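Nothing here was measured: the structure is a model prediction, and the numbers come from that model. Convention: sequence-line order gives letters A, B, ...; per-chain numbering from 1.
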Protein chains: 2
Amino acid sequence: MIDQRALPRVESWVELHTAEEVAQAIRNMIVRGAPAIGIAAAYGVALAATSALGAPRAEFDRRLEDAYQVLGGARPTAVNLGWAIARMRRAAETARRAGAADVALAALLEAEARLIETEDLAACRAIGRHGAELVPRQATLLTHCNAGGLATAGYGTALGVVRAAVEQGKRVRVLADETRPVLQGSRLTAWELVRDGIDTTLIADSMAGAAMRAGEVDLVVVGADRIARNGDTANKIGTYSLAVLARAHGIPFYVAAPTSTIDRECADGAGIPIEERDPREITEFDGTRLAPEGVHVRNPAFDVTPAALIDAIVTERGVARPPFGPSLAAFLAP
Amino acid sequence: MIDQRALPRVESWVELHTAEEVAQAIRNMIVRGAPAIGIAAAYGVALAATSALGAPRAEFDRRLEDAYQVLGGARPTAVNLGWAIARMRRAAETARRAGAADVALAALLEAEARLIETEDLAACRAIGRHGAELVPRQATLLTHCNAGGLATAGYGTALGVVRAAVEQGKRVRVLADETRPVLQGSRLTAWELVRDGIDTTLIADSMAGAAMRAGEVDLVVVGADRIARNGDTANKIGTYSLAVLARAHGIPFYVAAPTSTIDRECADGAGIPIEERDPREITEFDGTRLAPEGVHVRNPAFDVTPAALIDAIVTERGVARPPFGPSLAAFLAP
């Protein structure tokens, strides 16, 4: 996979061979983005199965179980990780019950991982199609972090909406928050969009409010790491502030995410675990110290935007409107 | 003066000999902060006078005039710069009318610069005393950028309020926004407060909203670069977002600044020029490219917070409350 930490300076690709290596890549944010880490974890399970071939059955199963654990624990907030692993586990258990041997099981898990990837790409295209209907013919769209091709199997969720609107001939400008501390906006969103020839302007996160007040933002579209049943949405830290600012300025605020990001187990945002990351993401840059010793640091990677501040949630099955309890439930029905 | 760009890593001092060098230090942000650049500019005028001693009278006066121009044009937003230069010019003109020779004039200008510095320090202490009354006995205070000793003659405006409250025995914790792109929060505010032993927690700018929602912020106190007659306040980019967020969470939002920051010529915020700085502040860090070529960048250094979002403006003459038109006018009366 591409090493997202090295972008946009270098397009460096890393080859991963084991579930532990994949888990490490997720922890290190070589790969990030809720759908993308779900897909990566699925391949990690497939790698665990393939590399365990030839081992006794009990060890094969134990190594598969270890893979579920290490991958599932790599990062806490994005539900797609647990969702993908649960889906891989179900596939494995169903195959076992049907009498599949290890070789067949490994092949099946690889196929399931590919299917998760393929379905995510299709979901992104459908999200783009549905979301583009919310974009005026001429619009400046503000986004935060990276909910693009890099965060998914390709095409993106929030950036899928941008791409689909542009493909429909709409004149879309993007304002991209740089997204401290990891700068996914500068490094990844700007890189993706400039490659696609889409008019993109980078701003510091703190400039979004002033841009809204100046009438420079027509809509806000962001991705999601976990959506509770009531529509409360965890996404990159700073999303909540944008939602408050958008509401204060009468600007529509949309979330774009596949239904795999909806957590059926989670009634509302209070149940979403928020990852606290290494303080050095804030106090250092490439090893250079930016802040004095002795200062405390908070570094939550995500925040929760309450459903009441969200005007629509765009999924591959359509656009959910408030109240999100019933509208999301309808999309989750088989 | 201390080179604020090198903090907190190195305490490096630079010696400036000419008005042009002082203007360059203001442009480069070796010195920044509205009161501090006013004081620096005043000393720059004094340096111009001293270094012109011995020149013919016409050249002496021309070099003084050049100093007013180059220093006054160094940065556009902070009114203290123009205020300090106007005061130096008045002092020079008054002395000339009284028949002062060049040597006397140069001595007088140096004395006037020292007086501006001394008055600012006294103003900061008075701001601290008045502002501390707004701080609960136990409180977490959020601040943005650096309105501290480094931004003033010492003690600070917003941080003067913190220091005075701490001196009164109040238990004050500070949440400091890192303040992209120049990181005055990480580099300067955290450095000042940690040296003073004040409990300080650094956050990315985008975390302020989530901290407010979590009930972790009791009040917001910021400095100012220019205050219009109606109370509209220009301050570091991101201040406006904080004010909107504070209002949405019912948290009081205070501005702390000396009356030299009030622009009598400016009826409201629409008249305040906003400096747009080098895009590389956003796209590069220490020469390392963070964003792809081809991306546009907006880099306004300030934004304007409308008076309606400000609960009080703390000056050395007392606490102004809305409506600010009359309350600020009372403080400007001789």
Side-chain angles (χ1 to χ4, degrees), chain A residues 7-9 144 175-181 183 185-187 190-191 193-195 199-211 213 236-245 247-249 274 279 281-283 285-286 288-300 303-304 306, chain B residues 7-9 144 175-181 183 185-187 190-191 193-195 199-211 213 236-245 247-249 274 279 281-283 285-286 288-300 303-304 306:
Chain A
L7 289 173
R9 280 172 283 165
H144 190 65
L175 269 188
D177 279 353
E178 63 172 4
T179 316
R180 283 283 293 160
L183 297 172
S186 311
R187 295 181 191 275
W191 180 78
L193 293 178
V194 167
R195 274 163 60 112
D199 184 355
T200 304
T201 300
L202 195 61
I203 58 173
D205 304 317
S206 63
M207 295 170 191
R213 181 161 187 249
K236 178 54 53 196
I237 186 75
T239 301
Y240 169 66
S241 291
L242 286 183
V244 172
L245 288 163
R247 179 60 52 90
H249 293 86
I274 299 295
E281 290 182 353
I282 308 262
T283 57
F285 180 84
D286 269 2
T288 299
R289 186 85 194 174
L290 304 175
E293 301 293 338
V295 71
H296 306 294
V297 178
R298 288 286 317 278
N299 187 18
D303 58 26
V304 174
Chain B
L7 290 173
R9 278 173 282 166
H144 190 64
L175 268 187
D177 279 352
E178 64 172 5
T179 316
R180 282 286 291 160
L183 298 171
S186 312
R187 294 181 190 274
W191 179 79
L193 294 177
V194 167
R195 274 163 60 114
D199 183 355
T200 304
T201 301
L202 194 61
I203 58 173
D205 304 315
S206 64
M207 294 171 190
R213 183 162 186 248
K236 178 54 53 197
I237 185 75
T239 301
Y240 170 66
S241 291
L242 286 182
V244 172
L245 289 163
R247 179 60 52 90
H249 294 87
I274 299 296
E281 289 182 354
I282 308 263
T283 57
F285 181 83
D286 268 1
T288 298
R289 186 87 194 172
L290 304 173
E293 300 292 337
V295 72
H296 306 294
V297 177
R298 288 286 318 277
N299 188 18
D303 58 27
V304 174

Asks: Side chain, backbone, both or neither: which part of V297(A) has an atom under 4.5 Å from a heavy atom of chain B?
Replies: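 V297(A) touches chain B through backbone and side-chain heavy atoms alike.
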Asks: Would you check if E178(A) and P181(B) make a side-chain contact, meaning some heavy-atom pair closer than 4.5 Å?
Replies: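 Contact flag for E178(A)/P181(B) side chains = no.
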Asks: So, the side chain of D303(B) versus the backbone of Y240(B): is there a donor-acceptor pair under 3.5 Å, distance only?
Replies: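 Yes; judged by distance alone, with no hydrogens or angles, the pair exists.
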Asks: Side chain from CB out, backbone as N, CA, C, O: work out which of these in R9(A) comes under 4.5 Å of a heavy atom of chain B, or both, or neither.
Replies: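 The answer is the side chain of R9(A).
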Asks: Any idea which of A210(A), A176(A), P292(A), G238(A) has the most non-hydrogen atom pairs under 4.5 angstrom with chain B?
Replies: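 That would be P292(A).
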Asks: Given the options A243(B), P279(B), P306(B), A211(B), which has more heavy-atom pairs under 4.5 Å with chain A than any of the others?
Replies: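 The candidate making the most pairs under 4.5 Å is P306(B).
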Asks: If we define contacts as heavy-atom pairs under 4.5 Å, which of D205(A), D199(A), V194(A), D286(A) has the most with chain B?
Replies: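 Of the candidates given, the most pairs with chain B belong to V194(A).
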Asks: Considering only heavy atoms and a distance below 4.5 Å, find which of L7(A), L242(A), L202(A) pairs most often with chain B.
Replies: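 Most pairs with chain B among the choices: L202(A).
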Asks: Write down the atom of D177(A), the atom of A204(A), and the distance for their closest heavy-atom approach.
Replies: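 In this case the closest contact between D177(A) and A204(A) is OD1-O, 4.2 Å.
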Asks: At a heavy-atom separation under 4.5 Å, does L290(B) approach chain A through its side chain, its backbone, both, or neither?
Replies: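 Interface part for L290(B): both.
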Asks: Looking at chain B, which one of H144(A), H249(A), R195(A) has the largest number of heavy-atom pairs inside 4.5 Å, strictly under?
Replies: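 Answer, by heavy-atom pair count under 4.5 Å with chain B: H249(A).
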Asks: Taking all non-hydrogen atoms of both residues into account, name the closest pair between S206(A) and S241(B) and its distance.
Replies: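 Heavy-atom minimum between the residues: O-OG, 3.7 Å.
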Asks: Tell me, for T179(B) versus chain A, whether the close heavy atoms (under 4.5 Å) come from the side chain, the backbone, both or neither.
Replies: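 Looking at T179(B), nothing touches chain A.
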Asks: Could you tell me whether the side chain of M207(B) reaches within less than 4.5 Å of the side chain of L175(B), counting heavy atoms only?
Replies: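 Side chain of L175(B) against side chain of M207(B), heavy atoms only: no contact under 4.5 Å found.
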Asks: Quick one: CD1 on I282(B) to NE2 on H296(B), what's the gap to the nearest 0.5 Å?
Replies: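 Result: 15.0 Å between the selected atoms.
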Asks: What part of E293(A) gets closer than 4.5 Å to chain B, counting heavy atoms only: side chain, backbone, both or neither?
Replies: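 Just the backbone, heavy atoms under 4.5 Å.
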Asks: Name the option with the most non-hydrogen atom pairs under 4.5 Å to chain B; the candidates are L245(A), L193(A), I274(A), V244(A).
Replies: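 When all of L245(A), L193(A), I274(A), V244(A) are compared, L245(A) has the most.
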Asks: Which answer fits A248(A), side chain, backbone, both or neither, if we ask what part of it has an atom under 4.5 Å from a heavy atom of chain B?
Replies: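 For A248(A), the side chain is the part near chain B, not the backbone.
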Asks: Considering only heavy atoms, which portion of I203(A) lies under 4.5 Å from any heavy atom of chain B: side chain, backbone, both, or neither?
Replies: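 Both the backbone and the side chain of I203(A) come within 4.5 Å of chain B.
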